Amino acid sequence: MFQHLLLPLVILAISPIPGAFEDSVLSPAQEELEDLDCGHPEPSDRIVGGSDARPRSWPWQVSLHHGGGHICGGSLIAPSWVLSAAHCFVNNRTLEPAAEWSVLLGVHSQDGTLDGVQVRAVAAILVPDNYSSAELGADLALLRLASPASLGPAVRPVCLPRASHRFAYGTACWATGWGDVQEKDPLPLPWVLQEVELRLLGEAACQCLYSRPGPFNLTFQLLPGMLCAGYPEGRRDTCQGDSGGPLVCEEGGRWFQAGITSFGFGCGRRNRPGVFTAVAPYEAWIREQVMGSESEPVFPSQSPELQSGPWELKDENCTITLPECGKAPQPGAWPWEAQVMVPGSKPCHGALVSESWVLVPASCFLDPRSTDRPPRDLDNWRVLLPSRPRPEQVARLVPHKNASWDDTSDLVLLQLRAPVNLSLGPRPVCLPHPEHYFLPGSRCRLARWGSGGPASGPTALLEAELLSGWWCHCLYGRQGALVPPPGHPPHKLCPAYREEEEENESSWSLLCQEEGTWFLAGIRDFSSGCLRPRAFHPLQTHGPWIGHVTQGAYLEDQLAWDWGSEGEETETQICPPRTEHGACGLRPEPAPMGLLWPWMAEVHVAGDRVCTGILVAPGWVLAATHCVLRPGSTTVPYIEVYLGRAGASPLPQGQQVSRLVISIRLPRHLGLRPPLALLELSSQIEPSPSALSICLHPGGIPLGASCWVLGWKDPQDRVPVAAAVSILTSRLCHCLYQGILTPGTLCVLYAEGQEDRCEVASAPLLLCQTEGGSWVFVGIAVQGSRELFATTGPEEAWLSHTVGEAHFLPPSGSPYWLPEGSNLCPLDMAGASGSSSAVLFLLLLTPLIQG
Ligand code: ARG
């Protein structure tokens with residue numbers, strides 16, 4: 001497979017192969033050898049999309065065994081010589097010992113006694129010096145048998161083309177082998193040799209298909225000495241295990257080997273025909289290797305009338321084929337929507353995945369408490385499909401093997417009694433391959449899935465946008481967990497949508513669109529509690545199972561790869577620390593619909609002023625006391641809190657949340673007006689990308705954090721601005737503000753030019769991002785100041801007691817406000833308080849906590 005191109009290409013340095021030239025004896029004239037017959041199967045009469053071959057129809061096909069099993073194919077080209085692919089024998093840049101291999105000739109089925117099969121040891125394996133990896137060409141090998149094969153009706157050599165031989169573009173040729181019948185789907189017992197008809201593709205046509213980026217922008221350069229065969233629409237191909245086997249074309253009653261199965265991108269995929277090593281260009285190399293041995297291959301000359309082409313149509317237009325699945329006339333009018341009617345139960349919604357198969361949740365039919373036995377009375381089951389006059393009958397039910405205990409595998413496939421005509425009305429939905437990467441920001445929809453409510457209404461149109469994998473994974477995942485990078489199946493998919501419209505009790509599938517084509521991306525995960533965004537189980541891990549059962553479902557490659565700033569998405573990401581109450585302080589990447597500061601709240605006080613606030617738990621917002629309570633007033637004002645508004649692009653109104661404040665709590669301090677106030681919300685706010693609690697840190701600033709003051713440039717417009725700051729050491733702060741500091745206050749120094757980014761009336765927030773990536777709330781500006789911040793430090797006990805679910809991270813670093821000797825202040829400092837030049841001067845003397 002081509003899959004390993006995802007890894008950096010390693011150039012294999014092939015050491016000179018022992019034995020390569022040991023038979024260098026002059027060869028007899030080639031023409032004499034033509035009396036050794038080649039390319040004639042005894043007249044008597046899969047691979048992907050192929051079928052069982054008849055015995056003896058491909059008598060040159062051999063099976064190469066290593067470690068007791070079939071590894072690769074090969075072709076007999078002379079009684080003592082087998083042609084195969086180099087990559088079958090070169091592992092980690094070294095050629096595997098010939099003695100470990102055996103060649104089986106005359107095999108039809110690999111199961112059972114292998115009656116009449118000849119087994120030969122391998123005396124030598126010869127690989128071109130310039131071979132390094134299949135994708136870089138020269139992927140061929142010659143195997144010299146320890147003793148010659150005895151030729152007969154089941155064992156005969158194929159003809160080899162001369163270097164001048166031309167195989168016309170469009171010729172129907174045949175590939176054979178015991179390889180996988182689909183990606184990761186081995187040939188089933190009794191392992192009968194498969195054959196498939198493949199068309200030779202012109203070089204330009206093949207290069208055109210491979211120049212179109214696939215997943216991960218992968219393209220591939222076809223090199224001289226390679227040839228392609230297959231179909232732009234895929235579905236018929238060679239696959240793993242077929243390598244080394246022949247691609248043969250018939251000419252004038254003889255079969256010539258045009259190619260050696262080498263590699264591909266997946267198997268049978270659209271626009272990804274199989275790539276073969278072209279045999280003709282290696283005539284000289286082959287002759288050189290076999291020269292002088294007791295038997296040599298035959299290179300019959302091509303009859304002149306066959307040399308007329310067509311070869312390459314230079315101006316051949318570059319036609320990419322588009323999927324035949326996933327086309328909907330308009331969102332919501334899903335032509336794959338299937339309703340399964342079972343007497344005595346609610347209709348169950350699923351999706352048509354091929355002309356004969358419907359995918360539905362297993363929970364519609366399987367009782368999890370009963371034994372795993374699937375229902376058998378399928379006679380009365382009916383499937384309703386769009387624009388079909390009559391319901392379909394059901395022939396078979398195939399549950400996923402984990403369906404009854406693992407809700408990520410809550411799937412069954414139903415086979416229809418008769419295939420439906422896909423050109424009229426119903427159409428299948430496209431399914432993703434395991435490495436599909438639905439880009440953050442993808443436009444998706446929710447579609448009915450399982451036994452939900454009534455089948456009508458606008459809910460079929462629920463619009464959704466996919467959130468970044470990092471966000472989804474870390475909201476639900478473990479601390480320190482590795483976020484699956486693009487190309488690895490995600491654990492969950494998180495679409496953001498307006499849940500107000502969601503019907504109770506209904507389950508949903510997630511359809512995501514790429515280039516106008518809809519993929520079934522996921523099914524709703526009900527185990528995720530009340531966290532938002534709701535999580536979906538990705539369907540992509542089930543692609544191979546669905547492909548295996550249906551033998552024809554539309555697994556399609558990703559159609560969109562444009563993920564903006566290059567490379568960013570491929571960095572390894574790790575989930576930041578979380579607390580016992582779940583994730584906190586996650587800040588989404590700036591995405592189209594992303595909110596930059598999901599914990600920043602707008603606190604509207606009595607309709608006359610707006611303060612910043614910060615969500616510290618689903619039901620609590622922290623704000624500056626001076627901002628929410630006017631001096632002298634004794635009554636609690638009418639306060640409203642808004643979340644989901646502070647961002648590069650504020651969320652649409654429906655995704656903003658607001659709550660009334662039902663009480664204001666102040667820590668009990670005798671004689672002092674405490675700087676921080678907790679606002680209790682009328683009801684909890686479910687964690688979501690637009691409203692997520694901030695982390696708190698016991699003892700102040702986490703070690704190695706970088707800090708920002710976050711506020712508004714202007715209390716009217718409320719566009720959030722962040723200013724980078726350094727935090728002064730507590731000694732420096734104390735000395736600068738001698739006498740006026742209350743415990744737990746800290747000082748910041750703004751990075752140059754950042755001083756007056758935020759106005760102070762709304763009491764900006766001080767936040768730091770830890771090395772682990774979580775954002776931590778540190779303090780709120782004290783009244784009228786830009787530099788002084790009242791921290792949560794002294795109020796930790798009060799905070800965790802009042803809030804209950806405050807997200808205190810485990811302690812790290814040293815507490816900021818531990819009392820330090822005040823007698824250490826330089827003499828002239830008291831008067832310099834607040835003067836930034838004095839601060840700068842002092843900076844030179846005193847190390848800072850890094851900002
Ligand atoms: N490299 C594979 C093997 O070792 C053959 C893959 C052929 N793939 C294809 N899509 N044509 O068996």
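Since we're looking at a predicted model, the values are computed, not measured. Residue numbers run from 1 in the order of the sequence given. For ligands, and for the atoms within them, numbers begin at 1 and follow the listed sequence.
Across Leu200 and Cys249, no two heavy atoms sit closer than the pair CD1-SG, 4.3 Å. Contact between Cys72 and His70 at its shortest, heavy atoms only, is O-CE1, 3.1 Å. Of all heavy-atom pairs spanning Ser132 and Leu136, the tightest one is OG-CD1, 3.4 Å.
Within the listing of ligand 1, atoms 11 (N) sit less than 4.0 angstrom from a heavy atom of Gly274. Residue Gly266 has at least one heavy-atom neighbour below 4.0 Å for each of these atoms of ligand 1: 9 (C), 10 (N). Residue Gly241 approaches ligand 1 through these ligand atoms, each under 4.0 Å from one of its heavy atoms: 3 (C), 12 (O). Ligand 1 places these atoms under 4.0 Å from at least one heavy atom of Asp242: 12 (O). Counting atoms of ligand 1 from 1 in the listed order, those under 4.0 Å from a heavy atom of Cys267 are 10 (N). The Gly264 neighbourhood of ligand 1 comprises atoms 8 (N), 9 (C), 10 (N), with distances under 4.0 Å to a heavy atom of that residue. Using a 4.0 Å cut-off to heavy atoms of Ser262, the atoms of ligand 1 that qualify are 1 (N), 2 (C), 5 (C).
Screening His433, His436, Arg270 for a side chain to side chain donor-acceptor pair (under 3.5 Å) with Glu556, the sole residue that qualifies is Arg270.
Taking the six-membered ring wherever Trp is involved, the centroid distance between the rings of Phe263 and Phe220 falls below 6.0 Å.
In this comparison of Ser243, Cys72, Cys239, Ala175, the heavy atom closest to atom 2 (C) of ligand 1 sits on Ser243. Distances from atom 7 (C) of ligand 1 to the heavy atoms of Thr238, Asp180, Leu247 show the closest one on Thr238. When the heavy-atom distances from atom 6 (C) of ligand 1 to Arg236, His87, Gln240 are ranked, the shortest goes to Gln240. When the options Val275, Asp237, Thr261 are ranked by their closest heavy atom to atom 10 (N) of ligand 1, first place goes to Asp237.
Under a 4.0 Å heavy-atom criterion, Gly73 is not in contact with ligand 1.
Taking distance alone, with nitrogen or oxygen atoms compared against 3.5 Å, Gly268 stays at or beyond that limit from ligand 1.
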Apply salt bridge (Lys or Arg N to Asp or Glu O under 4.0 Å) to Arg272 and Glu183, showing your working. CA-CA 13 Å; Arg272 307 294 174 190; Glu183 283 175 39; over 6 Å; no

Go through Glu96 and Asn91 one step at a time and tell me if the side-chain hydrogen bond (donor to acceptor under 3.5 Å, both in side chains) criterion holds. CA-CA 7 Å; Glu96 281 167 1; Asn91 214 332; 3.0 Å; yes

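Geometrically, Arg235 engages Tyr554 in a cation-pi contact, judged by NZ or CZ lying under 6.0 Å from the ring centre and within 45° of the ring axis.
Counting heavy atoms of neighbouring residues, nucleotides and ligands inside a 6.0 Å radius, atom NE2 of His548 does not exceed 12 of them.
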